Amino acid sequence: MTTVLEFLGSDHRACDDLFASAEAAAAQGRWDSAREQFARFNAAMARHLAMEEEVLFPAFEARTGMRSGPTEVMRTEHAQMRDLLRDMADAVAAGNQGRFLGLSETLNMLMQQHNLKEENMLYPMSDQVLAGERDDLVRAMESVG
């Protein structure tokens, strides 16, 4: 049995690895690789955010009745990340190294803080309150496009 923390924490690390590859390629001016790696990272992030917003958050909110608690904060931060990702996509497409690396620094800080909140608070809470449905939740998250 996989926990929410194990499943989504592992996905955080996979996204972080893709992010590091895109950032390294951009820093070295290898734009074809940077564009390819960023596209993979962007797709992985879109899937991760969708798994949380379409599966985990609604289940957590339904079970706890908390709609203006931790999931609201996470959704707000997801919107901030999406804005940064859009700006980074423009920068990598244009080969604008300074802009891309500046945005990546901001995104990295936001993701680190966000992931800590999820891994230290939201995921353990989810594992506790959704223990009986955890396997079904993980399967539902795995099936997100």
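Quick caveat, the model's predicted, so the values are computed rather than measured.
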Test item: Val55 and Val144 side chains (from C-beta on) under 4.5 Å apart, heavy atoms: yes
Test side chain to side chain donor-acceptor pair (under 3.5 Å) applied to Tyr123 and Glu6, Glu52, Gln128, the passing residue: Glu52
NZ/NE/NH1/NH2 to OD/OE distance under 4.0 Å, Arg139 and Asp136: yes
All ring pair (Phe, Tyr, Trp, His ring centres under 6.0 Å) counterparts of Phe60, not counting sequence neighbours: none
Leu56 side chain near Phe7 side chain, heavy-atom distance below 4.5 Å: no
Salt bridge (Lys or Arg N to Asp or Glu O under 4.0 Å) pairs, two or more places apart, involving residues 92-116: Asp87-Arg99
Heavy-atom side-chain proximity of Met88 to Phe19 below 4.5 angstrom: yes
Result of checking Glu53, Glu54, Glu61 against Arg75 for salt bridge (Lys or Arg N to Asp or Glu O under 4.0 Å): Glu61
Heavy-atom check, side chain of Asn108 versus side chain of Ser104, under 4.5 Å: no
Side chain to side chain donor-acceptor pair (under 3.5 Å) partner of His12, chosen from His48, Gln112, His114: His48
4.5 Å side-chain heavy-atom contact, Met74 and Lys117: yes
Check: Trp31 and Gln97 side chains under 4.5 Å, non-hydrogen atoms: yes
